[in-house]
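In what follows, a structure is listed as structure tokens, so that the remarks can point back to it.
Every chain is numbered from 1 and lettered A, B, ... according to where its sequence line falls, protein lines coming before strand lines. Every value quoted in this text rests on a predicted model; they were computed, and no experiment measured them.
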Amino acid sequence: MSHRALLLVIEHGYRGTVEVGFSDLLYVCRGLHRQLGGADIVLRGSAVTFAVRAASVPPVRIGTGFAGAKPDPRGSLRELLDDGVRAWVDERDLRHLGFGADQVIEGVVPADTAELAVRWPDYRGVWFL
Amino acid sequence: MSRAVVPEWDLLITLTAPPFGSDVVTTVLRLLDATLRRGARVQVWACGYATSLTLRSLGEFKPADLANPRERHRSTAAVVTDLLGAHPDDFAWHVCRFCAEDRGALDHVDGVSTRSFSRFARRVESSATTVYIGGA
């Protein structure tokens with residue numbers, strides 16, 4: 001039985017830079033985790049890229065200044081892991097996008113996330129973000 | 001012998017996609033920045049929920065990042081205001097009046113004009129190239 005309140009499933013990855021700013025979906029997850037009694041995360045579809053190690057990208061410069069903050073989903077994911085959140089990433093979707101399990105951020109568990117459905121009753125809610 | 005008419009604008013970007021469903025706003029701002037840097041004359045026509053990008057009520061900055069409250073980030077309205085100031089003769093941002101009225105989004109930052117959709121053809125005719133970024 002899980003002691004977490006929520007299982008948060010994210011299936012849609014990059015959603016823009018200026019649009020998202022610092023408030024990427026994993027930043028939102030941190031708020032849900034802290035406010036609602038704990039959360040775990042499942043990354044599927046293009047959102048598996050949030051769990052893949054990659055170099056930092058520069059912020060978007062428009063005119064003479066920067067157009068808002070840049071999203072940092074990998075940084076947000078690492079902060080969530082530090083907060084005790086458990087995170088799974090879908091192995092098949094990783095492979096489909098050309099990534100291997102060895103490229104995943106430490107602490108995130110590659111898995112068949114469809115099989116994780118057997119754990120859904122352990123949570124008060126399963127939310128698809 | 002007729003003389004060729006030189007279009008008033010090099011590029012018209014028509015943006016109808018809503019700002020928070022995908023990366024269209026980033027795309028438009030980067031296209032805008034790149035073309036203005038090359039000396040092009042560019043106008044934007046914002047429809048649908050894209051009319052919210054230049055609302056005066058957005059202020060200069062986005063809401064604070066609770067994890068890093070000392071850092072402030074400019075709003076899209078401020079970014080457009082800066083571009084209008086830097087390119088007063090080469091850049092215009094128009095807002096569709098119908099879409100703006102339909103969303104209660106009529107008060108925009110200085111320099112942004114609201115225009116009737118019935119005159120949209122004039123925007124197209126006055127531009128050498130029109131790029132339509134849809135998704136509304």
Side-chain angles (χ1 to χ4, degrees), chain A residues 8 10-36 39 41 45-50 54 56-85 97 128-129, chain B residues 13 15 17-38 40 42 44 46 49-50 52-54 58-88 90-91 93 111 133 135:
Chain A
L8 304 173
I10 305 175
E11 298 182 310
H12 181 179
Y14 178 66
R15 305 187 189 205
T17 299
V18 173
E19 297 83 351
V20 170
F22 58 80
S23 185
D24 59 65
L25 263 187
L26 293 168
Y27 178 95
V28 175
C29 286
R30 189 161 52 166
L32 297 176
H33 169 67
R34 290 179 177 176
Q35 291 184 41
L36 297 173
I41 290 172
S46 60
V48 298
T49 57
F50 292 168
S56 179
V57 295
V60 174
R61 180 177 279 281
I62 303 293
T64 56
F66 295 115
K70 60 168 181 159
D72 183 15
R74 293 172 192 87
S76 294
L77 184 55
R78 288 191 175 97
E79 288 176 5
L80 282 166
L81 294 169
D82 288 345
D83 266 1
V85 168
L97 292 173
F128 287 76
L129 308 187
Chain B
I13 303 172
L15 173 60
F20 303 109
S22 69
D23 59 349
V24 288
V25 175
T26 300
T27 299
V28 166
L29 289 176
R30 295 186 72 179
L31 177 60
L32 190 53
D33 186 53
T35 49
L36 288 171
R37 284 177 191 272
R38 291 176 60 176
V42 187
V44 173
Y49 281 105
S52 68
L53 293 168
T54 51
L58 293 177
E60 190 174 354
F61 297 104
K62 292 188 171 195
D65 177 356
L66 297 178
N68 197 2
R70 287 186 181 173
E71 269 192 27
R72 301 307 306 270
H73 303 286
R74 293 187 307 162
S75 68
T76 50
V79 171
V80 172
T81 296
D82 289 350
L83 287 173
L84 287 167
H87 304 275
D90 300 326
F91 171 48
W93 187 288
I133 299 183

Minimum heavy-atom separation for A:Tyr27 to B:Leu66, with atom names? OH-N, 3.0 Å

Are there more than 12 heavy atoms of other residues, nucleotides or ligands under 6.0 Å from atom CZ of B:Arg30? no

Rounded distance [0.5 Å steps], CZ in A:Phe22 versus CD in B:Glu71: 9.5 Å

Chain B shares the most heavy-atom pairs under 4.5 Å, among A:Gly63, A:Gly21, A:Ser23, with A:Gly63

Given that the side chain runs from C-beta out, which part of B:Leu29 has a heavy atom under 4.5 Å from chain A: side chain, backbone, both or neither? both

For B:Asp33, which atoms come within 4.5 Å of any heavy atom of chain A: side chain, backbone, both, or neither? side chain

Check each of B:Thr76, B:Val28, B:Leu53, B:Val24 against A:Val18 using the side chain to side chain contact (heavy atoms under 4.5 Å, CB included) test, and report the only one that passes. B:Thr76

Work out which heavy atom in A:Glu19 is nearest to a heavy atom in B:Val25; give both atom names and the distance. OE2-N, 2.7 Å

Which atoms of B:Arg37 are under 4.5 Å from chain A, going by heavy atoms: the side chain, the backbone, both sets, or neither? side chain

Would you confirm whether A:Thr17, through its side chain, and B:Thr26, through its main-chain N or O, come within 3.5 Å as a donor-acceptor pair? no

Measure distances from B:Ala34 to the heavy atoms of chain A and classify the residue's part below 4.5 Å as side chain, backbone, both or neither. neither

